[in-house]
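A note on names: the letters A, B, ... follow the listed sequences, proteins ahead of strands, and every chain is numbered from 1. Computed from heavy atoms alone, side chains included, the values below leave out hydrogens, waters and symmetry copies.
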2 protein chains.
Amino acid sequence: MPHRRRLALTALALACLLPAMASAATPYRSPQQILDASAASDWRTPDPANLLYMDLPAGRVIIELAPQFAPRHVANIQTFAHEHFWDGTSIYRSQDNFVVQFGDADADDAAKAKPFGSAQRKLPAEFERASAGLKVSVLPDRDGWAAQTGFVDGFPVGQDPQAGKAWLAHCYGMLGAGRSNEEDSSIGAELYVVTGQSPRQLDRNITLVGRVLKGMELLSAIQRGPAPMGFYTDPKLRTPIVSIRRASDVPAAERTPIQVLRTDSKTFADTVEARRNRVDDFYKRPAGHIDLCNIPVPVR
Amino acid sequence: MPHRRRLALTALALACLLPAMASAATPYRSPQQILDASAASDWRTPDPANLLYMDLPAGRVIIELAPQFAPRHVANIQTFAHEHFWDGTSIYRSQDNFVVQFGDADADDAAKAKPFGSAQRKLPAEFERASAGLKVSVLPDRDGWAAQTGFVDGFPVGQDPQAGKAWLAHCYGMLGAGRSNEEDSSIGAELYVVTGQSPRQLDRNITLVGRVLKGMELLSAIQRGPAPMGFYTDPKLRTPIVSIRRASDVPAAERTPIQVLRTDSKTFADTVEARRNRVDDFYKRPAGHIDLCNIPVPVR
């Protein structure tokens, strides 16, 4: 929470001491305290075949793909990465409070466009899937955009139990496949990441394919392009993409160790509850509520 | 919406043509088309006494204060600005997906802290106010954080009709007064602006004082400070604040003309409805819903 500097630091220092004291003094534990007490089994190591390393001049962005929701798009993205499609391309759009978008800035110029290699040129839309076979960790609070919300394997989802459908939700850090007006016009070559208030109106209107696990601050702080849509008119303002690779294509020594909290664990549920009702010295009125997109999925 | 470049530009070009065609072809008008058809009386010119110009090296941020919600804090902020308190201070915190915070980075060092001048050293919390006397333009959709939501004079608000209370809501671009653990520990000297997913859990826990009308992209793209809280450890990374002045203290020739769409106008209500249900070539499934913090209040 925003506060004066000294007190912010004091609060941090206290947080480091509190885990040992908490059980005796109060039943409330902060999300960080709950994480500090997590078991090794609460964490999973993502499959390196489903991880993308997006290497920018400023550092590495790590993305987890969601084949359980968009298998055809994910397979195509894996092909693009394996064949170095994005190496030397750029982030060519940054629209404030919305998205950054990246890929081949010359995609629409037949003379300059990068070849797609062995990737598919046409894919069906993957806006939603059957709920059957999915284990959704459902949130207790109502949501205006979906009958139910929750998490599957660390991804925020909406669900319609009556229709038996589930879909990925446009929260901060989600990765989607840009398309034109036809719903089957995305193939995963042009991608975007949500950098603003969750644009949930896009749910089930675009194929979402994954989520940024680490390095969001390298995308969110990129200079905005001109309004209204944020495409840079000056190509020099584009952010170069050194490479996008599957972690499984990267030598083990160059990989970045990463683990994600299991969203079907009691530890995760406890952090959600600790966010729904914050009982500490700062909060005067716990909300008793949380929205899907206000819940970060911890990574370490 | 994110799409391929060429088609994005085509869509923009079409949007410029559509206003003349829309009434014949379809009753749906996009928010921009609705704005293009607005009347002069749909817009208001903010009182320059309630506007702040935050001049950064990269440009001007324009903030409108909300004395109807936080009269004591706003009066103090006007005093601080009038007495040049913030000139030469800095933005000393940028936490990803949360806030930027600014003011005197040395506030907690008695030897270096800037004097408060004639501003008040102690103020009551102004977390909420009586609904009586407020005309809230209520939104039709349910919200998990408040019994009702809507707009007052361009500001997003929550409301509890049973308790007869209303309050400003933590949406993107809102300006708040940082405090420590005591609810009456803010005086408006240290301020923050929301740059991420709306942290509505802070509603009625901190005194909100206004909203950024223009220049958000100068705040949202600032390099993030180190996790978890984003305070820069290296002072060189702070963004210098050239000055923060009341527009009414600035010579007329140096003022920036600005108007805000009246949120009690039919034109604004029409733009909200056009966002609740998008009926165009891109959207395949209109949401039939919108959250308070997904609604931008147009400025020109």
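Judged by distance alone, the side chain of A:Arg278 and the main-chain N or O of B:Leu202 form no donor-acceptor pair under 3.5 Å. With hydrogens and angles disregarded, no donor-acceptor distance shorter than 3.5 Å links the side chain of B:Lys284 to the backbone of A:Glu182. Checked by atom type and distance alone, the side chain of B:Arg142 pairs as donor or acceptor with a backbone atom of A:Asp143 at under 3.5 Å.
The contact between B:Gln223 and chain A is made entirely by backbone atoms, counting heavy-atom distances below 4.5 Å. Heavy atoms closer than 4.5 Å to chain B are found in the backbone of A:Pro199, but not in its side chain. When heavy atoms are compared at a cutoff of 4.5 Å, A:Glu217 approaches chain B by way of both its backbone and its side chain. Looking at A:Leu218, there are no atoms closer than 4.5 Å to chain B (heavy atoms on both sides), in backbone or side chain. If you measure heavy-atom distances from A:Asp141 to chain B, you find no contacts under 4.5 Å at all. Looking at A:Ala287, only its side chain comes within 4.5 Å of chain B, counting heavy atoms on both sides.
The residue among B:Arg285, B:Arg200, B:Arg276, B:Arg204 with the most heavy atom pairs within less than 4.5 Å of chain A is B:Arg285. The residue among A:Ala221, A:Ala227, A:Gly196 with the most heavy atom pairs within less than 4.5 Å of chain B is A:Ala221. Highest contact tally toward chain A, considering only B:Ile290, B:Val194, B:Asp203, is held by B:Ile290 [criterion: heavy-atom pairs under 4.5 Å]. Your options are B:Thr195, B:Ile222, B:Asn205, B:Asn294, and the one with the most heavy-atom pairs under 4.5 Å with chain A is B:Asn205.
Between A:Asn97 and B:Met216 there is no side-chain heavy-atom pair separated by less than 4.5 Å.
Environment of NZ in A:Lys214: sparse, with no more than 12 heavy atoms of neighbouring residues, nucleotides or ligands closer than 6.0 Å.
When all heavy atoms of B:Asp291 and A:Trp145 are compared, the pair lying nearest together is OD2-NE1, 2.9 Å.
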